[in-house]
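Each remark here refers to the structure printed beneath this line.
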Amino acid sequence: MLAYDKPIMLSKLDAGPKPAAKAAGLNVLQLAQLLWRRKTAIAFAALIGACAAIAIGKSLTPKYLATAQLYVDPRELQLVDRELTPRSQDISGLAMVVESQARVITSNSVLMQVIKDTRLDKDPEFGGASIGPVAKLLGLLGLHMGSSAPTALAETTALDALGRHINVKKTDRTFIVDIDVWSYDPAKAAMLANAISNAYLAEAKNSQSIAARRATNDLSGRLKELQDRLRTAENALAIYKAQNNFVGTQDTLITDQQLLASNQRLAAARAATLEAQAKYDQIEASRRNAGDAGAIPEALQSPTLGNLRAQYAEARRKLAEMTAELGPLHPALRQMEKQVEDLRRTINEEVDRFTQSAKNDLARARDYETSLTRSLEAQKRQSVQLSHASVRLRELERDVEASRDVYQSFLKRSRETQEQESLNTSNARVIGEATVPQRRSFPPPMTVLAAIGLVLGGLAAAGWFTGVELLSSEIAGQASDQAMRVRPAAETPALPPKTSEAGSPPPAAEKPGIARLQEADVIRTLGGILASSGPPDLTQLGWPTLRAATPLTTFLTSMRDMREALSRRSAANVAPVMAVIGQGLGRDRSIVAVNVALAAARDGARVLMIDADPERRALSNKLAGTAETEAKRLSWLSIGGKAERTIKTRNGIEVLPIAGPGAFAATGKAIAQARASTDYDLVIVDGPALPFSAEGRKLIDVADGLIAMLSASFDIDGCMDDILAGLDGAEHKLIGVIINELHSAPVQPVRSAAYA
């Protein structure tokens, strides 16, 4: 049985007792005792420090600080619709404007104006020459002595000194700017703070006027050129209109108006022609049908034809009466028949006149329509010619319109900027004038100086005594070590190292780590539902796999420790090889191997996973047909006579499947190739499985470290005994044990030690 509290095959040497080394330094209790012993000296040093601080404070020249407050609102006053500079409504933009104005306060132009107003170039505090009694007397008499230094040099010196006396700061999240000025004279400090604020306001107003004046000059300088350009464009347009006979109103040309009117007249003529044709056709149809010729609308509306029809009706009535009374050969009857016939002929002649009139109207309408058609065609040809010429006309009109718009815009803007020269849109104002300070700002009060000196003196003394004590202890320890080194060698007992049966010391092995793979560490997926095209995903095979993007768990920490132990056992600059072995179904071991690979890939390692279980082939069968393989440096390897290639997954892991006999030899060849390559950081071998065959023993010898998988449903002690018995001398390669506590592990009868 494996003893978990002892390293495997670890040779124990009976080492003699070693003298305990004296701990360096002082603990808190020793430090407190040391300071208490030196309390008098520390107090005396603190008192000396307080006196020295007071003496230094008395010797320093006092400084007085005066503060003036300005309200600088970047949202300037809107006195006109279109301002010269647009406003920024963004909060960050407003803050940048205020910070820029704070820098303007300390600019050379503002400070130079302050120097001229307050004559600081003559002040000795700011680099000016001191005025002696002779100069004062001559000044009272109205005489002034010449300056020894040039005026420009004096102003430069005063500017440099004034810049060191000023501190401008902006209050956070406000538009308030504080102007701090210090001086040895309190009244002078207040005077300078107020002078700087007034000079800044004057500079802000002056800068706006200068900007508006410059804009006005630039715009006015362009007006003459724009006016000449507009006049030239208008003349070219007028000449072109006259040459091409473009005459008309502002909206349309005369030719277009004539064409529209002709088109309307032609439409009316065509309507009249159709009406005359219909009238004529109706009359002709009535005559051909031998009907009542007087039934047409024109005949019914004619009074003459109406009178004739009335006479004709009366004659026919009389003829009917006479026919009933007289015989057919009676002269009166013959005369009445003749009268009826004359009236019928007269009516037909009247209807013929209507027909001839309709025919004449139709001919006249047709002639009028023909003349209008010819006139319209001529106007169309003229309109087409004008259309070709109007292309250039529209180009000239656009040129004129653009020139007019630009000229009017410049003219209007020039007048606006000219009026803005006298406007002050700045929204900066003084909200707090500087007053004469009553207390000095430097040095601090004597009570504060005394407290500082007291603390610094005490700390210095305490540090001195502590350093001396530590130095003394270190010197004593070095002397003791030197005395131990000069002892005779015979006084130190020597123990012979133990050897193994082969005559060489057994390899030292580290204590194997123990990890537990629990349900809380994994997530379960449905491989059939989640399957997709492209490279396969090991987390979507239907096996329980590690949860993605979860905090560091105990299992992941244990895996890191096992990989570190593996790296210590393997050679440098070579990918270490880890084999996962165990009892039970190959599926459970493959699940554990996949999770070990996922844990390494999660830390950024490039992993090659090899299926070395030719009997069960759980991993190879699961990945069969999931995606096309990708050619890698191991693609030339042949397992079972069939060329196999690594399967590249989405998890940063490449899997080398297994197929047919001869797999163990090809696996060893693949391991050697992976070690020689720089494409991988770790090689994980799924197998071999118990009981180990001769080929499996070779894989164990090739591996740098072994991880034993034990199912929680098995007898852990019995399984571990079987594994140790199967290793038979390779126990020192065991770097870890993983207890599989997943519910998917089937409960199987435990194999006895004799089985192995």
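Basis for what follows: all heavy atoms, side chains included, without hydrogens, waters or symmetry-related copies. From a predicted model like this one, the values you see are computed outputs, not experimental measurements.
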### Query
Hey, mind stepping through I738 and V596 against side-chain contact (heavy atoms from CB on, under 4.5 Å) and telling me if it holds?
CA-CA 10 Å; I738 298 178; V596 171; 3.7 Å; yes
Value rounded to 0.5 Å, distance of [atom1] in [X] from [atom2] in [Y]:
X	Y	atom1	atom2	result
I700	D728	CD1	CG	10.0 Å
S713	L742	OG	CG	10.5 Å
L727	H732	CG	NE2	10.0 Å
I514	S558	CD1	OG	9.5 Å
D180	Q69	CG	CD	9.0 Å
I179	I105	CD1	CD1	4.0 Å

### Query
Only one of L546, N651, L556 clears side chain to side chain contact (heavy atoms under 4.5 Å, CB included) with R602; which?
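Looking at L546, N651, L556, the match for R602 under the side chain to side chain contact (heavy atoms under 4.5 Å, CB included) is L556.
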Using a 4.5 Å cut-off on heavy atoms from C-beta on, say whether the side chain of [Y] contacts that of [X].
X	Y	answer
I739	I716	yes
D123	K188	yes
L159	T156	no
I707	V737	no
I166	L111	yes
W543	S590	yes
I176	K170	no
T466	L35	yes

### Task
Over 60° means perpendicular and under 30° means parallel, so classify the ring planes of Y184 and H165, tilted if in between.
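The rings of H165 and Y184 stand perpendicular, inter-plane angle above 60°.
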Would [X] and [Y] pass as an ion pair if we require N to O under 4.0 Å?
X	Y	value
R589	D686	yes
R547	D521	no
D681	R606	yes

Which pair of non-hydrogen atoms, one from [X] and one from [Y], has the smallest distance, and what is that distance?
X	Y	result
L734	R569	O-NH2, 4.0 Å
V607	I684	CG1-CD1, 3.8 Å
A730	L706	O-CD1, 4.2 Å
A68	N194	CB-OD1, 4.3 Å
R563	L682	CD-CD2, 4.0 Å
L538	T545	O-CG2, 3.5 Å

Does a sphere of radius 6.0 Å around [atom1] in [X] hold more than 12 heavy atoms from other residues, nucleotides or ligands, not counting ones at 6.0 Å or beyond?
X	atom1	result
K169	NZ	no
R516	CZ	no
Q33	CD	yes

Distance alone, cut at 3.5 Å: any donor-acceptor contact between the side chains of [X] and [Y]?
X	Y	value
T67	D178	no
Y680	E654	yes
D185	S183	no

Side chain [X], main chain [Y], donor-acceptor under 3.5 Å:
X	Y	value
D704	V577	yes
S107	V104	yes
E731	G729	yes
N595	I591	yes

### Query
Can L710 and N740 be said to form a side-chain contact (heavy atoms from CB on, under 4.5 Å), step by step?
CA-CA 6 Å; L710 302 177; N740 185 9; over 6 Å; no
### Task
Test side-chain contact (heavy atoms from CB on, under 4.5 Å) on V580 and V685 and set out the steps.
CA-CA 6 Å; V580 181; V685 181; over 6 Å; no
### Task
Might you work through the side-chain contact (heavy atoms from CB on, under 4.5 Å) test for I48 and F44, ending with a clear yes or no?
CA-CA 6 Å; I48 292 176; F44 184 72; 3.1 Å; yes
